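Right, one structure below, let's go through it.
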Number of protein chains: 2
Amino acid sequence: MTDAAEDALPERKRGSGVKLVYEMLRDEILTLALPPGKPIDEVHLAERFGMSRTPIREALVRLAGEGLVETLPNRSAIVANIDVLNLYTYFDAITLMYRVTTRLAGQYHRPEDLVTIRARQADYLRAVAAQDPLAMIAVNREFHAAIAEAGRNPYFTTLTLRLLDEGRRILRLYYQSFNDRLPQEYSDEHEAIIAAIAARDLDLCDRLARAHADQIVRQIQKFFGRDQRLDIAL
Amino acid sequence: MTDAAEDALPERKRGSGVKLVYEMLRDEILTLALPPGKPIDEVHLAERFGMSRTPIREALVRLAGEGLVETLPNRSAIVANIDVLNLYTYFDAITLMYRVTTRLAGQYHRPEDLVTIRARQADYLRAVAAQDPLAMIAVNREFHAAIAEAGRNPYFTTLTLRLLDEGRRILRLYYQSFNDRLPQEYSDEHEAIIAAIAARDLDLCDRLARAHADQIVRQIQKFFGRDQRLDIAL
DNA sequence: TGCATTTCTTTTGTCGACAACAATCCGCGG
DNA sequence: CCGCGGATTGTTGTCGACAAAAGAAATGCA
């Protein structure tokens, strides 16, 4: 009876099934509603969404391609685990991507990009005002995603989006352990980054992005373990 | 009758079908045997490989996830196009990944990594001796892939592998236009990189990787158009 | 002849079913 | 009592078939 919402919509357009399942599962994974390591039963999902196993399977393959689920041959797929041991590789990657995408945004952004970025920052402020940790995490992702898009490098954008998604899971885990105490507020840093992008000051973009990443990383590393990142002078 | 090879193997193990199709298609795309923009007919592939459409479909979804094929709703999937206009974003990305992975390899490599890397360099020398452009391109990819693996950052490794694959197509296109004149030889630069990694000289790794990337980029940019990359001082 | 509309063909998206494989449970022997 | 082997159950991988959607062809009208 947990699937009353799906029962109400037996009519779907051709081709919309996979997208629906993909986005739904993805969100449940990123919010930890589906905990890491949990087996995913295809037939169970099939009847939950009221469709055949084929589109469910395709959604799972796509999620596996993004590293959000792990598939074992002839065995149930599971929600991808969060590898706490190699967390420093994550921090290395997200730090570099913050720096590069912010710098590129400073260089290649167009006026409409700034509109989008400022809108995301407004969303962030709203989430802070509402004291909603989940929304703050999700909107923080959208903020940096908008910056990455403004940088207009699809390779960097793809990796950044993947890292931001993975970050949602890590942050969620982190704050869950603190009983959902409010995340630290990054509004001021965000404002400074926006200003640097608008001014097209690339070095400042770089410095601010790095400081912003360091800030978050240090906070989480304090909880999970020591910071093993390289001090890349680059 | 072009599929005599597949006919000889009607027996496949359960679960091996997708992998077979995936790897075969992938290789044909990367060698430009399947030209960019070419429509991919599922039923044609199904009878070519002697299997149902289901595993072919899964392979296509995976390839789409890597950006090697583009799927249009209710229309044939096509081999992903090479976007020459935005080529500079590719060079930006591959240059940064060369630098980062080589630096990380210098820091985190283990003895067995050097064995693998040197083996790839030996393969490269063999391909040069054999005057085989296709093999040189493919083995060059393996060389840098081995370095990326030694860096032990899965996020960077994934992006680097994707860029190297895309690079196989770009290089192939480049050399094809010169009637397969032999690619320039990079043996010396490779040797220097290996030495820097072994010596764990991170700054040297960075400089050499950057110079190596610049070398290749300049060569190709001379052909496709001017170099729009940022001069990231980082 | 040219254009719009309708029919037809081709190809995809989805379905239900079946077989293979893995895990579990049960019975037997030591 | 405990470990081992076989049957059983549950889940995935693959198949063939059908219907929707898009493009191509054919038809009718001006």
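What you see is a predicted model; the values in this text were computed from it and never measured. Within every chain, numbering begins at 1; the chains are lettered A, B, ... in the order of the sequence lines, protein sequences first and strands thereafter.
- Note on residues 109-121 of chain B: pairs passing salt bridge (Lys or Arg N to Asp or Glu O under 4.0 Å), not counting sequence neighbours, are B/Asp113-B/Arg152, B/Arg120-B/Asp123.
- The separation between B/Lys13 atom NZ and D/dT14 atom C1' is 17 Å, rounded to whole Å.
- Computed from coordinates, the B/Glu47 CD to D/dC15 P distance equals 13 Å when rounded to whole Å.
- The ring pair (Phe, Tyr, Trp, His ring centres under 6.0 Å) contacts involving residues 150-169 of chain A comprise A/Tyr155-B/Tyr90, where partners must be two or more places apart or lie in separate chains.
- Taking the side chain as every heavy atom from C-beta outward, B/Glu166 and B/Arg162 never approach each other to under 4.5 Å.
- Distance CZ (A/Arg53) to P (D/dC15): 14 Å, rounded to an integer number of Å.
- For B/Glu58 and C/dT14, the CD to P distance is 15 Å, given to the nearest whole Å.
- The ring-ring contact (aromatic ring centres under 6.0 Å, His included) check on B/His190 picks up B/Tyr124, B/Phe143, B/His144, B/His212, with sequence neighbours excluded.
- A heavy atom closer than 4.0 Å to some atom of DNA chain D occurs in A/Asn74, A/Arg75, A/Ser76, these being the qualifying members of residues 72-79 of chain A.
- With sequence neighbours excluded, no residue forms a ring-ring contact (aromatic ring centres under 6.0 Å, His included) with B/Tyr22.
- With salt bridges taken as basic N to acidic carboxylate O contacts below 4.0 Å, one links A/Asp27 and A/Arg168.
- Although no hydrogens or angles enter the test, the distance criterion places a donor-acceptor pair under 3.5 Å between the side chain of A/Asp83 and the main chain of A/Leu85.
- Spacing between atom CG of B/Leu45 and atom C1' of C/dT12 amounts to 13 Å, rounded to whole angstrom units.
- What separates CE of B/Met51 from C1' of D/dG16 is a distance of 15 Å, to the nearest Å.
- Straight-line distance from the CD1 atom of A/Ile56 to the P atom of D/dT11: 15 Å, rounded to whole Å.
- Residue whose closest nucleotide on DNA chain C sits further toward the 5' end, between A/Arg14 and A/Thr54: A/Arg14.
- Look at CG on A/Leu60: it is 16 Å from C1' on C/dT14, rounded to the nearest Å.
- Using a 4.0 Å cutoff on non-hydrogen atoms, no part of residues 35-43 of chain A comes near DNA chain C.
- Using a 4.5 Å cut-off on side-chain heavy atoms (C-beta onward), B/Thr71 and B/Leu60 make no contact.
- Judged by distance alone, with hydrogens and angles left aside, the side-chain atoms of A/His109 form a donor-acceptor pair with the main-chain N or O of A/Ile197 at under 3.5 Å.
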